[in-house]
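Letters go in sequence order (proteins before strands), and every chain restarts at 1.
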Amino acid sequence: MLTLKLIQDNPQEVIDKLKIKNCNAQELVNGIISVDTSRKSLQTELDGGLAEMNSISKEIGILFKEGKRDEADKLKERTAELKENNKILGDKLAEAEKELHSLLIQLPNIPHPSVPAGKSDADNVEIRSGGVMPELAGDIVPHWELTKKYDIIDFELGTKLTGAGFPVYKGKGARFQRALIAFFLDEANKAGYTEVVPPLMVNEDSAYGTGQLPDKEGQMYHCTEDNLYLIPTAEVPVTNIFRDVILDAKQLPVKYTAYTPCFRREAGSYGKDVRGLNRLHQFDKVEVVQVAHPDKSYEVLDSMVAYVEGIVNKLGLPYRVLRLCGGDLSFTSALTFDFEVYSVAQEKWLEVSSVSNFESYQANRLKLRYREEGNKKPVLAHTLNGSALALPRIMAALLENNQTEKGIRMPECLIPYTGFEYID
RNA sequence: GGAGAGAUGGCAGAGUGGUCGAAUGCGGCGGUCUUGAAAACCGUUGUGCGGCAACGUACCGGGGGUUCGAAUCCCUCUCUCUCCGCCA
């Protein structure tokens with residue numbers, strides 16, 4: 001969430017900037033300011049009452065020690081009213097804090113100045129493209145037919161075991177999947193990211209910390225018995241490593257990578273682009289996460305984009321990089337670049353990565369701060385993350401784009417991992 | 001799953017109703033000493049909120065209660081450890 005200070009100091013600026021996200025924040029901002037103002041005066045008043053109570057209690061303590069029971073009892077009479085008053089003030093203050101908080105979390109992150117205006121993904125701006133469009137002869141077959149032809153992914157079997165959107169990878173398909181994971185992790189390691197294997201389930205606090213709760217509750221699988229959530233992305237457990245943490249400035253940037261399966265209910269998206277590997281309830285992804293110094297976070301973002309571009313290039317896929325417009329930017333992001341790869345049989349661009357700078361928006365929720373040397377006050381850090389990469393659509397594009405008469409040709413960089421050159 | 005013990009500052013570890021935000025040790029930071037370092041000694045060393053500041057206030061796992069006053073007593077939840085059982 002945004003910091004109160006920012007909203008208090010520049011309310012109009014916040015409102016103006018959020019217009020890029022097609023968000024009319026006028027009312028919210030006004031509400032926040034007025035609730036905060038009353039919160040402050042309540043606190044001042046309550047602190048005064050508590051101070052008086054504390055000093056009376058001390059006096060009573062002293063009187064008791066001196067054996068002056070009567071005087072002490074007299075003082076006690078005065079405390080009753082004070083106590084009641086403090087209780088009322090305390091309740092009001094708690095109420096105001098709750099209200100303030102619920103308003104604050106409704107405000108999305110402020111977009112970076114470079115974010116273009118726009119309503120939907122149609123308004124995203126292509127900033128770069130690369131790779132070579134494959135020119136395939138003969139019948140071009142979509143990946144869901146290829147997976148059947150080579151018997152490498154069984155969607156129906158997954159339906160039998162679990163339900164739609166939980167495919168079973170088999171034989172070279174399974175090996176292909178494992179190869180991609182290992183390749184992505186090795187690349188991330190080479191780029192200086194420390195590998196972590198996080199839990200695949202998180203508690204409420206973690207889901208809240210990265211913003212999945214309360215707004216996206218319905219998108220996560222929830223184990224009610226233990227009140228745990230299956231992670232929709234490694235971002236959740238990995239970023240929450242830093243919840244309530246104060247880092248040293250010299251520790252920044254912190255770079256973590258994690259491979260995890262991801263679980264998404266995808267409620268409300270039935271029937272749309274769900275064919276084959278395009279949209280699954282469980283899929284694999286390698287994520288990269290950085291905690292950066294605020295002054296450096298956009299350099300870091302650029303480096304993360306360059307990093308993702310590097311691995312897409314190694315895979316030999318035609319791709320484009322988009323700068324997301326205000327309307328398509330996620331609630332928590334200040335600036336996001338999407339990577340899409342071209343899938344020749346579907347004749348579609350498929351989103352395979354999303355690289356974002358959240359600035360201090362997540363950090364504020366997480367209470368993730370750093371301390372400058374010699375400086376006493378801890379300051380909110382910036383968090384960034386990106387997919388590097390999400391597997392199913394990469395696999396879909398590789399299957400379709402690399403289909404030959406001999407089978408599916410593996411990209412050069414994967415052969416050491418797959419141990420074979422063709423899926424046939 | 002059954003029985004017991006426990007949760008205190010970066011860590012270790014005192015504190016069982018009254019100047020306790022909390023002894024002491026370690027660690028960290030600053031200084032003295034030293035050619036430099038170590039040792040020794042001195043000082044300093046949590047976070048949030050309110051306040052221009054002085055300062056006030058809250059926080060001893062979470063929540064609630066008793067009391068003029070709670071780290072300390074009561075209730076409840078969570079977690080950790082030990083033993084037993086079960087098990088990859």
Side-chain angles (χ1 to χ4, degrees), chain A residues 1-9 32-105 197 199-209 213 222-229 237 240-252 254 360 362-381:
Chain A
M1 58 192 175
L2 298 175
T3 61
L4 258 178
K5 185 164 167 43
L6 177 72
I7 297 164
Q8 284 283 14
D9 292 351
I32 287 166
I33 290 175
S34 93
V35 173
D36 188 42
T37 307
S38 70
R39 178 194 129 251
K40 283 180 186 175
S41 72
L42 281 167
Q43 164 131 27
T44 305
E45 208 179 333
L46 174 63
D47 279 1
L50 289 172
E52 194 177 344
M53 197 68 165
N54 284 342
S55 88
I56 292 176
S57 293
K58 263 178 203 168
E59 272 181 67
I60 291 176
I62 293 165
L63 289 173
F64 261 108
K65 261 185 192 160
E66 293 171 350
K68 297 175 182 168
R69 249 205 128 77
D70 297 348
E71 283 182 55
D73 285 341
K74 221 181 203 172
L75 273 179
K76 275 194 199 177
E77 287 169 23
R78 272 178 55 202
T79 61
E81 193 189 348
L82 199 53
K83 199 176 178 182
E84 196 185 339
N85 197 245
N86 285 346
K87 168 102 176 98
I88 292 166
L89 285 171
D91 288 348
K92 276 192 193 165
L93 179 64
E95 187 64 33
E97 278 170 348
K98 206 174 137 196
E99 167 84 16
L100 183 61
H101 185 254
S102 86
L103 292 174
L104 272 172
I105 59 172
V197 181
L200 305 182
M201 292 181 139
V202 293
N203 58 27
E204 255 181 311
D205 286 348
S206 295
Y208 173 80
L213 292 180
H222 185 199
C223 302
T224 52
E225 183 87 16
D226 299 290
N227 198 23
L228 295 174
Y229 294 86
N240 271 283
I241 290 173
F242 300 100
R243 172 153 48 85
D244 292 317
V245 165
I246 301 177
L247 295 162
D248 253 1
K250 59 186 171 220
Q251 291 176 269
L252 302 175
V254 182
S360 62
Q362 281 185 334
N364 192 208
R365 267 196 185 200
L366 292 162
K367 297 199 184 67
L368 161 54
R369 293 164 293 173
Y370 72 95
R371 203 194 310 265
E372 212 81 61
E373 203 155 353
N375 212 338
K376 286 218 87 159
K377 274 271 168 204
V379 180
L380 292 173

Roughly how many Å apart are [M] and [N], using the [atom1] atom of each and rounding to a whole number?
N: B:C49; M: B:C87; atom1: C1'; result: 49 Å
N: B:G48; M: B:C41; atom1: C1'; result: 36 Å
N: B:G27; M: B:A39; atom1: P; result: 8 Å
N: B:C86; M: B:C75; atom1: C1'; result: 32 Å
N: B:G63; M: B:A53; atom1: C1'; result: 36 Å
N: B:G62; M: B:G56; atom1: C1'; result: 26 Å

G-U wobble or Watson-Crick pairing nucleotide for [N] (cut-off 3.5 Å, both distances):
N: B:A22; value: none
N: B:A7; value: B:U78
N: B:C60; value: none
N: B:C52; value: none
N: B:G27; value: B:U45
N: B:G36; value: none
N: B:G85; value: none

Residue whose nearest RNA chain B nucleotide is more 5′ - A:Ile246 or A:Thr44: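 Comparing both residues, the 5'-ward one is A:Ile246.
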How do A:Met53 and A:Leu50 order along RNA chain B: which one's closest nucleotide is nearer the 5' end?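 So the residue in question is A:Leu50.
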Looking only at side-chain N and O atoms, does [X] come under 4.0 Å of OP1 or OP2 in [N]?
X: A:Lys83; N: B:G69; result: yes
X: A:Lys76; N: B:U67; result: no
X: A:Arg371; N: B:U47; result: yes

Nearest atoms (heavy-atom pairs only) where [X] meets [Y]:
X: A:Ser360; Y: A:Leu380; result: CB-CB, 3.9 Å
X: A:Leu100; Y: A:Ile32; result: CD1-O, 3.6 Å
X: A:Asn240; Y: A:Gly209; result: OD1-CA, 4.0 Å
X: A:Phe64; Y: A:Ala72; result: CE1-CB, 3.9 Å

How is [X] classified with respect to the nucleic acid when contacts are heavy atoms under 4.0 Å: base, sugar-phosphate, or nothing?
X: A:Asn54; answer: sugar-phosphate
X: A:Leu75; answer: nothing
X: A:Ser57; answer: base

Report all side-chain donor-acceptor pairs from residues 77-95 of chain A shorter than 3.5 Å, counting only partners two or more places apart or in another chain.
from    : atom 1 : to      : atom 2 : distance (Å)
A:Thr79 : OG1    : A:Lys76 : O      : 2.5
A:Asn86 : ND2    : A:Gly49 : O      : 3.4
A:Lys87 : NZ     : A:Asp91 : OD2    : 3.4

For RNA chain B, what residues of residues 32-40 of chain A have any heavy atom nearer than 4.0 Å?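 Under 4.0 Å from RNA chain B: A:Arg39, A:Lys40.
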Between A:Leu93 (CG) and B:G50 (C1'), how many Å, whole number?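 Going from A:Leu93 (CG) to B:G50 (C1'), I get 10 Å.
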Whole-Å gap separating P (B:U67) and CD (A:Glu84):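 After rounding, the gap between these two atoms is 14 Å.
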Look at the rings of A:Tyr208 and A:His101 and say which category their plane angle falls in: under 30° parallel, 30 to 60° tilted, over 60° perpendicular.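 Ring orientation of A:Tyr208 relative to A:His101: tilted.
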Testing the 3.5 Å rule here: is there a donor-acceptor pair between the side chains of A:Asn203 and A:Ser206?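 Yes, A:Ser206 and A:Asn203 have a side-chain donor paired with an acceptor closer than 3.5 Å.
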